[in-house]
2 protein chains.
Amino acid sequence: MAERSRRASRPSGDDRQEAILITTEALLQSRDFDSLSIDELAKGAGISRPTFYFYFASKEAVLLALLDRVIRQVEDRVAALSREFEADPASAWRRSIAAFVEVFSEHRAVATAAMAVRSRNAEVHDLWSRSMLSWVDYTAEVIEAERTRGAAPIGIHARDLAASLNLMNERVLLAAATGEHPAVTAGAELDVLVDVWVRSIYGVIPVSN
Amino acid sequence: MAERSRRASRPSGDDRQEAILITTEALLQSRDFDSLSIDELAKGAGISRPTFYFYFASKEAVLLALLDRVIRQVEDRVAALSREFEADPASAWRRSIAAFVEVFSEHRAVATAAMAVRSRNAEVHDLWSRSMLSWVDYTAEVIEAERTRGAAPIGIHARDLAASLNLMNERVLLAAATGEHPAVTAGAELDVLVDVWVRSIYGVIPVSN
DNA sequence: CGAGTTAGTCAACACGGTGTCGAGAGAACT
DNA sequence: AGTTCTCTCGACACCGTGTTGACTAACTCG
């Protein structure tokens, strides 16, 4: 209701920058990142193409800014995760994996665009890698703690196991998000992932007869 | 020594087509698929850019042809895999996974290019998916057989488990092939993957204290 | 208040890659 | 010798990117 006339005429630079981000994320809901042209992003934000370059150096830079927000959330979540696994390890892992699943699906459009672009764009690649690394670090620490307290059997290098499991999650969720085949049955992703994690961290092979 | 003069002047169409394929795979050893221009592929094959279009409709079509050859090998390997798991399941799985690892690393350049391109190219995507499906089918069949004979515990839907494990392999090997971080320690990929597979297929969680 | 600075804007341009068209060269068949 | 078929490429139209330089509107400080 308030703030009408005054700042009138031109929206501020921040508004414009934000408009570009919003337009991009909106277009990404239904379109391939590659198929977006800078002209579309500019038009969507109510500016001309050259003006777009005043705000961002490229399409990829916009995606990077979008991804950066998502990554922040990821880092907050990792920091907030409990390291308390003693009472009920399976449930604790489920909560951790659920955090990852949630971040991925809350920002499905940004996540899938980032996955598609990372192979050609170093910044996007690095930003996502950093995020994955924070998950892997957390996972490796917990696995080691579980082994130390005797809850999990000693096995392969904990960090390698942590990396494999996290890469599996990434790939399985990407396949689910983009509706690929093969993929895990829709809706069952979390159950399946938790099962593989728990079995490969705690599971032992019974001695055959 | 033989076949000198006669067929001289112009190389045949098949030679040219093959030259394009060879040039592309060679360039792919050291360069990003996206950074390759059609002009380079044409020049490398000793023809002009318009002539390139006589042989292939696009860069992607070349990659598709390259990938198709790899896929054939994959299918042959899947068909040749033994379904004999009773004597030594862990070794049998290791052989199966090794087949996948080998195909992936023998054709590292083509595989990584295909992974990078699949998100924007339906044909490449479908071809790779079909290949993954054949691995998943094989895996799911074996898991079910192992459960039926009582060697593996009944657990989550075998096909979902098979899909997750195969997607993990794909992602772990891609990370290894492109030197990403996080990745599994170089050289340890096969050991780590086999461990996760065997534990998640056969592993049981000991009842805690 | 008015001169200077800063932020923002865009028409016009240069460039590089893609894909097409149409003319033609050479082998091959008749 | 003529016709056809395969193959070849110069030249062109097109599209998306990124840059330049001139312009305008608002802020600010003497």
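The chains referred to below are lettered A, B, ... by the order of the sequence lines, with proteins before strands, and numbering in each begins at 1.
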Student: Choosing from C/dT9, D/dG18, C/dT20, which nucleotide comes nearest the side chain of A/Arg16?
Tutor: C/dT9
Student: Between D/dA11, D/dG18, C/dT9, which one does the side chain of B/Arg49 approach most closely?
Tutor: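 Per side-chain heavy atoms of B/Arg49, the pick is D/dA11.
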Student: Distance check: side-chain N/O of A/Tyr55 vs OP1/OP2 of C/dA7, anything under 4.0 Å?
Tutor: no
Student: Side chains of A/Leu173 and A/Ser105: does their closest heavy-atom pair fall under 4.5 Å?
Tutor: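 No; the side chains remain at least 4.5 Å from each other.
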Student: Mind jotting down which residue pairs meet the salt bridge (charged side-chain N to carboxylate O under 4.0 Å, His left out) criterion with at least one end in residues 161-175 of chain B? Sequence neighbours excluded, please.
Tutor: A/Glu170-B/Arg171, A/Arg171-B/Glu170, B/Arg118-B/Glu170, B/Arg171-B/Glu180
Student: Quick one: B/Asp34 CG to C/dT18 P, roughly how many Å, whole number?
Tutor: 11 Å
Student: In whole Å, I'd like the distance from the CD1 atom of A/Ile38 to the P atom of C/dG16.
Tutor: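 So the two atoms are 17 Å apart, to the nearest Å.
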Student: Check the distance between D/dG18's P and A/Phe56's CZ and give it to me in whole angstrom.
Tutor: 14 Å
Student: Output the rounded distance in Å from CZ (A/Phe54) to P (D/dG18).
Tutor: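 Going from CZ in A/Phe54 over to P in D/dG18 covers 18 Å.
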Student: Side chain of A/Ser37 only, please: which of C/dC10, D/dC9, D/dG16 is the nearest?
Tutor: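 Closest of the options to the side chain of A/Ser37: D/dG16.
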Student: Tell me: CZ of A/Phe52 to C1' of D/dT19, nearest whole Å?
Tutor: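 Nearest whole value for this atom pair: 14 Å.
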Student: Quick one: is B/Thr51 getting a side-chain N or O under 4.0 Å of the D/dC7 phosphate, OP1 or OP2?
Tutor: no
Student: Would you please test A/Trp197 and A/Tyr202 for side chain to side chain donor-acceptor pair (under 3.5 Å) and show each step?
Tutor: CA-CA 8 Å; A/Trp197 279 55; A/Tyr202 300 96; over 6 Å; no
Student: What's the closest nucleotide to the A/Pro50 side chain, out of C/dT18, C/dC10, D/dC9?
Tutor: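 Looking only at side-chain atoms, A/Pro50 lies closest to C/dC10.
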Student: To the nearest Å, give me how far apart CG (A/Asp39) and P (D/dC14) are.
Tutor: 17 Å
Student: How many whole angstroms separate atom CG of A/Asp15 from atom C1' of D/dA26?
Tutor: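 Answer to the nearest Å: 15 Å.
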Student: For A/Tyr53 and D/dG16, what is the distance between atoms OH and C1' respectively, to the nearest whole Å?
Tutor: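 One finds 8 Å between C1' of D/dG16 and OH of A/Tyr53, rounded.
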Student: What do the steps show when you test A/Ser58 against A/Tyr53 for side chain to side chain donor-acceptor pair (under 3.5 Å), and what is the final call?
Tutor: CA-CA 7 Å; A/Ser58 64; A/Tyr53 288 98; over 6 Å; no
Student: Any side-chain donor paired with an acceptor under 3.5 Å for B/Asp88 and B/Ser91?
Tutor: yes
